[in-house]
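Keep in mind that this is a model prediction, so the values were computed, not measured. Chain A is the first sequence line, chain B the second, and so forth, proteins listed ahead of strands; every chain is numbered from 1.
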Amino acid sequence: MEYIAYILIVVGLVFFLGTSIGLLRFPDFYTRMHAAGKGDTLSTVLILAGCIFAVASQGEMSWLIGLKILLIINFVFIGSPTATHAMMDAGERAGAKPWKKKGGDK
Amino acid sequence: MTEHLPILIVLAPLLGAVFAALTSWFWPRVSFPIVLAGLAISCISSLLLVFEVPASGVIHYQLGGWGKQKEYADMVVGIQISVDYLNGLILAAVTTIALLTAIYSRPTVERELEGQQRYFYALFSLLVAGLLGITITGDIFNLYVFMEIAALSSYALLAYGKKRATMASFNYLIMGTMGACLYLLGVGFVFVKAGTLNIENLSQIIPDSLFSSQAAFVGFVLIIVGAWSKMAFFPMHGWLTNAYTYAPTASGALLAPLATKVSVYAMLRIMITVYSIDYIIQSPNIQTIAILLSTIAILVGSFYSLTQTNLRKIACFFIVSEIGYMVGGAWLANAPGLKGAIYHVVADAAMTSAIFMVIGCIIYRLGQADLKKLDGLYYRMPVTFIALVITMAALIGVPPTCGFFSKFYLIQGAAQAGTWHFVIALLISSLIKAIILFRIIEIAYNKVPNPAKDGNETIPREEAPLTMLIPTALVALGLIALGLATDTLVTDFIAKALPAGLTS
Amino acid sequence: MAELPIWQYDTLFLITVVLFGVTALTMQNLMSAAIVFGAYSFLMCLIWTAMGAVDVAFTEAAVGAGVSTVFIVATIYNTGASAKPRKPRVGFKLFAGAVAVATGAFLLSALPDFPAWGDPQSPVNSTVAPYYIENTIRDAHVPNIVTTVLADYRGFDTLLETAVVFIACIAIYSILRVDSAKSTVDEPDIIAAPPAYDPTDSLIIRQASRIMVPFMQIFALYVIAHGHYSPGGGFQGGVILGASVILLCISFDLKFVLRQWTEKKIMLLTALGVLIYAAVGVACMFMGGDYLNYNALDPVLPGDMAYARYYGILLVEIGVGVTVMFSMIGIYIILASNGRFKRGL
Amino acid sequence: MEEIVPKFNYIVVVILMMTGLWSMLAQSNLIKKCIGMAIFQTGIILFFISIGAKNNASIPIVAKEPLGQVLGQAHAPEGSQPPAKPELAAAKAKVYPDPPDVNKLTNPLTQILMLTAIVVGVATLGVGLALAQKVYQQHNSFDEDEILENQTK
């Protein structure tokens with residue numbers, strides 16, 4: 001059980017790394033938002049899944065804690081993509097133009 | 001029910017405010033009587049308690065039924081409120097002044113706060129509950145929470161005023177929160193070293209184990225500086241003049257006399273009970289700094305009041321200089337100085353309340369309180385003018401009034417402690433207040449030809465409405481009554497409040 | 001040197017928290033300053049959980065980070081201001097810096113006198129605190145010591161705290177609320193600059209919040225009721241309830257929420273919560289005990305003396321929850337709608 | 001280094017408070033002053049919590065021993081039939097360990113004080129923001145210098 005937890009958490013962290021690099025490197029608003037959205041949802045869910053397995057092996061009440069973590073995962077799935085969508089939507093209305101390859105306006 | 005009196009003092013205004021807030025939505029006219037009833041209950045119970053203290057000694061009231069725990073070296077668990085010689089008098093003074101100001105404020109609220117007065121009386125009563133809580137509580141963290149209650153309701157009461165009141169209230173908020181946070185940090189430092197928050201336990205722990213510890217010293221300085229900035233002592237007095245000048249007359253009349261004096265009481269409580277006087281004598285450098293600062297405060301307060309023409313601004317600078325009296329008197333750390341300081345807290349609350357009420361009457365009737373436009377005040381508002389003269393006499397220190405006796409003790413203490421600059425400052429400030437009094441008399445009396453003689457046109461006599469006039473007259477006469485009752489007050493109340501060990 | 005009493009990770013958190021704090025203050029754009037302040041508060045919760053203060057971390061996450069960031073953002077939205085770079089008043093900034101450094105040095109002068117971080121024998125952990133830890137079960141059968149000390153041993157503090165929340169709500173109401181119909185206060189009606197984009201009414205956000213809100217409210221009720229066994233209690237539950245209604249305000253618009261929770265209802269229920277708390281105390285007084293001494297309620301409540309305290313705490317927590325919920329909603333609506341209760345964030 | 005490391009949290013607390021104090025005094029923007037005030041207060045809260053923290057101590061909740069374990073102690077392993085009624089009640093009453101070891105749980109007292117401090121902080125922040133918003137209505141700017149000019153003219 002322990003090893004699955006370690007693997008999941010490490011993979012989650014890798015995604016977080018990808019998100020932060022994405023946030024820094026991507027040229028314009030939309031691509032940065034894309035990176036942030038992905039990192040925000042996926043890596044959190046992976047880390048939480050890792051926690052479920054980490055907790056699974058302790059004490060006989062751990063299935064209850066596992067269930068609670070599942071609930072949290074469910075909420076993260078509903079919550080953070082909506083947040084990213086809201087920001088994208090607001091950005092689009094506020095007139096942020098997507099980046100074009102041939103040196104469009106920054 | 002009598003043993004519940006201590007909690008009733010704080011609970012009555014608190015519940016009064018909650019009920020006033022609830023009923024303000026259904027019958028707005030009912031909220032004023034409710035608050036008045038709450039203040040009346042707390043006033044009666046505080047007067048009863050004051051007379052009970054000499055009979056039965058210090059009264060402790062355990063909240064939640066927890067008390068001293070034997071097996072834990074009788075540490076007090078839970079919160080304890082106590083009435084003793086030091087805060088008994090101040091409780092009585094605060095409740096009576098609050099009650100009179102509530103009656104007084106009715107017409108001014110009707111006129112000045114047309115559309116907004118739904119929660120005015122709820123905040124009024126909560127402020128009084130906070131101030132009474134500071135006076136009565138026996139737990140230093142509880143004192144912080146009461147300080148915040150009083151502060152938050154005073155920000156709102158001040159923000160009711162005209163255009164410039166909002167910015168003045170914001171500055172007051174920043175300074176007030178800074179003071180409260182420094183106080184909280186000071187409580188943290190004391191808590192780290194002493195481990196308990198109860199004043200009674202602290203007064204045993206600190207003298208025997210913590211006198212040498214640097215953290216306790218830093219905690220002491222933080223608490224004192226926090227209290228100083230709450231009472232607008234010299235370096236931190238910037239917010240007071242704007243805050244009280246642009247506030248509506250009702251909140252000015254309530255806040256000016258009580259808010260700063262209760263912070264002085266909090267400082268006195270920490271100095272006398274928690275850290276005991278010989279801690280102050282043992283660390284002399286704060287003492288000299290404090291007395292120097294209070295001399296500057298008195299001089300700054302007096303000189304600035306000379307330059308102002310708006311009566312309310314003058315009264316605000318009087319407060320700044322009066323605070324200098326009290327802090328200087330307390331830090332002399334000898335018997336007459338402390339007696340003068342404690343007595344001055346009560347006397348000055350009455351004096352400031354009287355002067356703000358008089359100014360309120362003038363503003364109510366003449367629309368503004370500018371010194372230059374007060375000509376003919378004697379003929380137009382004779383009773384208010386007489387009250388003004390009595391209050392100014394008390395501020396200067398003319399014998400029958402209470403101002404004289406407190407100044408007498410302060411000068412005696414200062415002479416004994418040898419701090420001559422403090423004595424000179426006291427005399428100069430009385431001189432300046434005398435100049436202002438004669439300036440007012442000259443404007444109000446001589447500038448206008450005497451209408452009694454038939455030749456000149458008669459000035460219509462338009463007094464403030466009765467509900468404002470009676471409290472003003474009562475407080476003004478109270479100054480004289482307080483003066484006459486000085487020796488009984490000092491001997492069996494204030495003298496017993498001082499620690500026994502204090503020598504002369 | 002004995003085993004280093006220091007948590008290695010916490011020093012890392014502490015350094016980052018200081019960095020967050022400093023950036024939050026030196027940022028030009030107000031909105032980003034608010035967001036960095038939110039991040040600062042969330043990181044602060046992490047530090048407190050690491051130090052074992054779970055209840056405080058929960059409250060800070062809900063009240064400190066969640067709601068205060070929303071308040072700041074609502075104020076900025078309403079005024080639409082961003083810190084225009086002004087000529088810095090160098091003289092005054094230096095003076096203020098000198099004052100801050102001087103106080104800091106004075107505070108640090110007490111450093112050698114402090115107990116080390118985390119040693120169990122320090123005076124704080126060895127005088128009054130052991131009583132609470134050892135006697136909570138005997139006195140009130142409540143495993144969560146924090147809730148017992150909060151609502152029972154130092155119950156008066158919590159009553160005053162609820163009063164503070166109540167005062168904040170009325171104070172903000174009386175400062176900002178202007179029913180333009182009959183107020184004589186001369187207040188030029190500078191409508192905030194219309195936001196750069198019209199607020200979205202996109203379906204996705206509404207659906208998502210419509211799904212989330214009921215679960216949030218159930219969880220909040222669980223937090224209030226379950227305060228005896230797990231971290232939580234009146235404050236945290238009340239704030240989450242308030243936050244769920246604020247979420248509705250943001251995703252739908254103010255009128256939608258005001259139809260359900262009218263201004264009168266909100267203000268009345270804020271006052272009601274404090275009344276519940278104070279009434280429980282007064283009931284104890286009438287039943288013969290001291291103020292807020294729940295033992296006196298024993299004849300009324302089931303179970304033995306200790307369980308009277310158990311239920312007393314529960315009643316009090318409900319009072320706190322009601323006040324905190326409605327004052328958070330009230331403060332948000334007034335701040336967001338600049339006192340006119342019509343349109344808002 | 002010997003003296004600094006075990007007292008690191010007090011240093012951080014002082015730094016946080018001084019940034020808050022500096023920003024309250026020097027920042028001209030009203031909202032920045034409010035944020036500085038909030039940071040000042042969180043600094044104090046960190047100070048109180050770090051006093052109450054104990055080394056490797058768990059959260060201040062008295063953990064229940066699982067019923068089975070308690071029953072096992074009450075009844076030696078000789079038989080598997082359920083224990084008689086009174087023992088079960090006694091065991092159930094004893095589910096909580098007698099007074100928990102003080103060093104194992106963090107100090108609840110400092111946490112209570114800080115619950116109050118956080119709520120007071122938010123209340124003051126709310127009132128400060130309301131005042132800032134009203135000032136903005138009157139002077140159309142958050143900057144203290146502009147407001148002063150606006151007031152004096």
So, do F156(C) and Q80(B) sit near enough that their side-chain heavy atoms are less than 4.5 Å apart?
no
Quick one: of L275(C), V164(C), V149(C), who has the most non-hydrogen atom pairs under 4.5 Å with chain B?
L275(C)
Do R154(C) and V77(B) make a side-chain contact, defined as non-hydrogen atoms from C-beta onward lying under 4.5 Å apart?
no
Region of L107(C) that comes under 4.5 Å of a non-hydrogen atom in chain B
both
How many angstroms lie between CG in L63(B) and SG in C284(C), if you round to the nearest 0.5 Å?
11.0 Å
Identify which part of A194(B) has an atom lying under 4.5 Å from any heavy atom of chain C, answering side chain, backbone, both or neither.
backbone
So which of I170(C), L159(C), V274(C) has the biggest tally of heavy-atom pairs under 4.5 Å with chain B?
I170(C)
Could you tell me which non-hydrogen atom of A110(C) sits nearest to which non-hydrogen atom of A215(B), and how far apart they are?
CB-CA, 3.7 Å
Proximity breakdown for L197(B) and chain C, heavy-atom pairs closer than 4.5 Å:
side chain
So which heavy atom on G78(B) is nearest to which on Y132(C), and how close?
N-OH, 3.4 Å
Contacting region of L15(B) [heavy-atom separation from chain C under 4.5 Å]:
side chain
Just so I know, are the side chains of E148(B) and L160(C) near enough to count as touching, which here means a heavy-atom distance under 4.5 Å?
no
Give, for atom NZ of K264(C) and atom CZ of F26(B), the distance between the pair rounded to the nearest 0.5 Å.
5.0 Å
Give, as side chain, backbone, both or neither, the part of V225(B) having an atom under 4.5 angstrom from any heavy atom of chain C.
neither
Using non-hydrogen atoms and a 4.5 Å limit, figure out which bit of L185(B) sits close to chain C: side chain, backbone, both or neither.
side chain
Measure Y144(B) against the heavy atoms of chain C and call it side chain, backbone, both or neither at under 4.5 Å.
neither
Just so I know, are the side chains of Q214(B) and S109(C) near enough to count as touching, which here means a heavy-atom distance under 4.5 Å?
yes
Got L222(B) and T103(C) here, is their nearest side-chain heavy-atom distance under 4.5 Å?
no
Any side-chain heavy atom of I175(C) within less than 4.5 Å of one from Y155(B)?
no
Sort out for me which of V10(B), I205(B), L22(B) touches chain C most, counting heavy-atom pairs under 4.5 Å.
L22(B)
H4(B) versus V282(C): any side-chain heavy-atom pair under 4.5 Å?
no
Smallest separation among heavy atoms of A271(C) and V18(B), with atom names:
O-CG1, 3.6 Å
Portion of L123(B) that has a non-hydrogen atom of chain C nearer than 4.5 angstrom
side chain
Under 4.5 Å, counting heavy-atom pairs only, tell me which of L126(B), N201(B), T196(B) racks up the most with chain C.
L126(B)
Least distance between heavy atoms, V145(B) atom then E161(C) atom
CG1-N, 4.4 Å
Non-hydrogen atoms of chain C under 4.5 Å away: do they reach the side chain of F120(B), the backbone, both or neither?
neither
